[in-house]
Number of protein chains: 2
Amino acid sequence: MDRLDSIDIRILNLLQKDSSLGVKDVSAAIGLSVSPTYERINRLKRDGFIEKYVAIVNREKIGKHLLVLCTVTLKQQSMETLVIFEQTITNFKEVLEVLCLAGNHDYLLKIAVKDVNDYHSFVLNRLSQIPNISNLQSSFVLKEIKNETAMEIV
Amino acid sequence: MDRLDSIDIRILNLLQKDSSLGVKDVSAAIGLSVSPTYERINRLKRDGFIEKYVAIVNREKIGKHLLVLCTVTLKQQSMETLVIFEQTITNFKEVLEVLCLAGNHDYLLKIAVKDVNDYHSFVLNRLSQIPNISNLQSSFVLKEIKNETAMEIV
DNA sequence: TAATTAATCAGAAACAATTACTGATTTAAT
DNA sequence: ATTAAATCAGTAATTGTTTCTGATTAATTA
């Protein structure tokens, strides 16, 4: 399967917002009976439209009080260097997001840690240990105004 | 409730990765019987450690092929101006993330759209219509190397 | 246009999970 | 040591999921 009809789209929009909805709830919301709804949800998962179901936890409540954005520039852009960097950075559990950017910098990282001390030791002992890093620029996040996993589908 | 014990932490680490695990699966994984596991999961939700359960959908498969980071600087930082901006930007469905930053720029946005054309009309018709914007700088994302909702709890 | 095929749906029945409850055990505090 | 509180395992009732069948609709071809 490859293309979504309007019912699929409504299902995805619902489950992106709240996947604790049961098949029954979804079927009621979209005006279809349980079994075809069940089949559609399964198909959406099987075909990779739904990657996974996850619980979103409150960052502050688990003690990750500091969010930092860090831009990274590498000394060289050889395939070898890029691969090493990407593999290493992906395995760092503090790093939530790694984006490869067009423009000035090579990468942007989003990092969640307990506090400034933790961030300092993260940069010192782990991030700056990766070879071929030419420049790091860290910006502290003062406030997380929006952080949404759901993308509205039209 | 306010503090997590080691069992709660293991539950959160599991459900952050995969919330399609049933109570039975979780209880088996942590070596507890079903009922206390059930109670703990409910408590974690009730007390706000778990904010919500969501389905993560594949961005490319739903046609959001372009991811853009956009830094925003405002002309002034009066409370009024900030509030207007934050409220307006939060309601834009294309905007997944809004961070208020310390440093050069005031805000960083993460925006998902279909293509460059869509981004252009988004900036023209919606983003730049917000009052008191002094500067916008857009960086296209070449590659999303990592994008993780789970934060490992220790 | 009519016949045929494929797809999608509703409903029911079997199955499995969740939820609530009870009593027992452990832990903490006096 | 005794009491009180918290946490646990097990069970039973409820509710939800999953599978299956037949019917209806939509699409395709002659």
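Chain letters run A, B, ... following the sequence lines, proteins first, then strands; residues in each count from 1.
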*Asks:* Using whole Å, report how far CD1 of B/I41 lies from C1' of C/dA20.
*Replies:* 16 Å
*Asks:* Take the protein atom CZ of A/R43 and the nucleotide atom P of C/dA7, then report the distance between them rounded to whole Å.
*Replies:* 12 Å
*Asks:* Please report the distance, rounded to the nearest Å, between CG in A/N42 and P in D/dT17.
*Replies:* 11 Å
*Asks:* Give the rounded distance in Å between these two atoms: CG of B/D25 and C1' of D/dT17.
*Replies:*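 Rounding to the nearest Å, CG of B/D25 and C1' of D/dT17 are 14 Å apart.
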*Asks:* What is the distance from CD1 of B/I7 to P of C/dT27, rounded to the nearest Å?
*Replies:*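 Checked: the CD1 to P distance equals 11 Å.
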*Asks:* Should B/D8 and B/R40 count as an ion pair when the cut-off is N to O under 4.0 Å?
*Replies:*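 Salt bridge present between B/D8 and B/R40.
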*Asks:* Does the side chain of A/Q76 pick up a donor-acceptor pair with the side chain of A/S78 at under 3.5 Å?
*Replies:*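 A/S78 and A/Q76 do have a side-chain donor-acceptor pair below 3.5 Å.
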*Asks:* Centroid separation under 6.0 Å, is that true for the rings of B/Y53 and A/Y53?
*Replies:*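 Distance test on ring centres: not under 6.0 Å, no.
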*Asks:* Between protein and nucleotides 10-15 of chain D, map the contacts as a letter string: B base, S sugar-phosphate only, - none, heavy atoms under 4.0 Å, written 5' to 3'.
*Replies:* B-----
*Asks:* Carefully, step by step, assess B/N42 and B/E39 under the rule side chain to side chain donor-acceptor pair (under 3.5 Å).
*Replies:* CA-CA 5 Å; B/N42 266 21; B/E39 262 309 322; 5.3 Å; no
*Asks:* Does B/K143 form a salt bridge (charged side-chain N to carboxylate O under 4.0 Å, His left out) with A/E86? I'd like the steps, not just the answer.
*Replies:* CA-CA 11 Å; B/K143 193 177 165 201; A/E86 293 181 11; 3.2 Å; yes
*Asks:* Expressed in angstrom and rounded to an integer, what is the separation of B/D5 atom CG from C/dT27 atom P?
*Replies:*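 Whole-Å distance recorded here is 13 Å.
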*Asks:* Measure CG/B/L32 against C1'/D/dA9 and give the value in whole Å, please.
*Replies:*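 It is 9 Å, rounded to the nearest whole Å.
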*Asks:* Quick check on C/dT8: is either OP1 or OP2 less than 4.0 Å from any side-chain nitrogen or oxygen of A/R40?
*Replies:* no
*Asks:* Is the distance from OP1 or OP2 of D/dT18 to the nearest side-chain N or O of A/Y38 less than 4.0 Å?
*Replies:*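 For D/dT18, OP1 or OP2 has a side-chain N or O of A/Y38 closer than 4.0 Å.
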*Asks:* Let me know the distance between CG of B/L44 and P of D/dT7, rounded to the nearest Å.
*Replies:*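 Rounding to the nearest Å, CG of B/L44 and P of D/dT7 are 12 Å apart.
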*Asks:* Salt bridge check, B/K110 against B/E97: does any charged N sit closer than 4.0 Å to a carboxylate O?
*Replies:*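 Judged by the 4.0 Å cut-off on N to carboxylate O distance, B/E97 and B/K110 do form a salt bridge.
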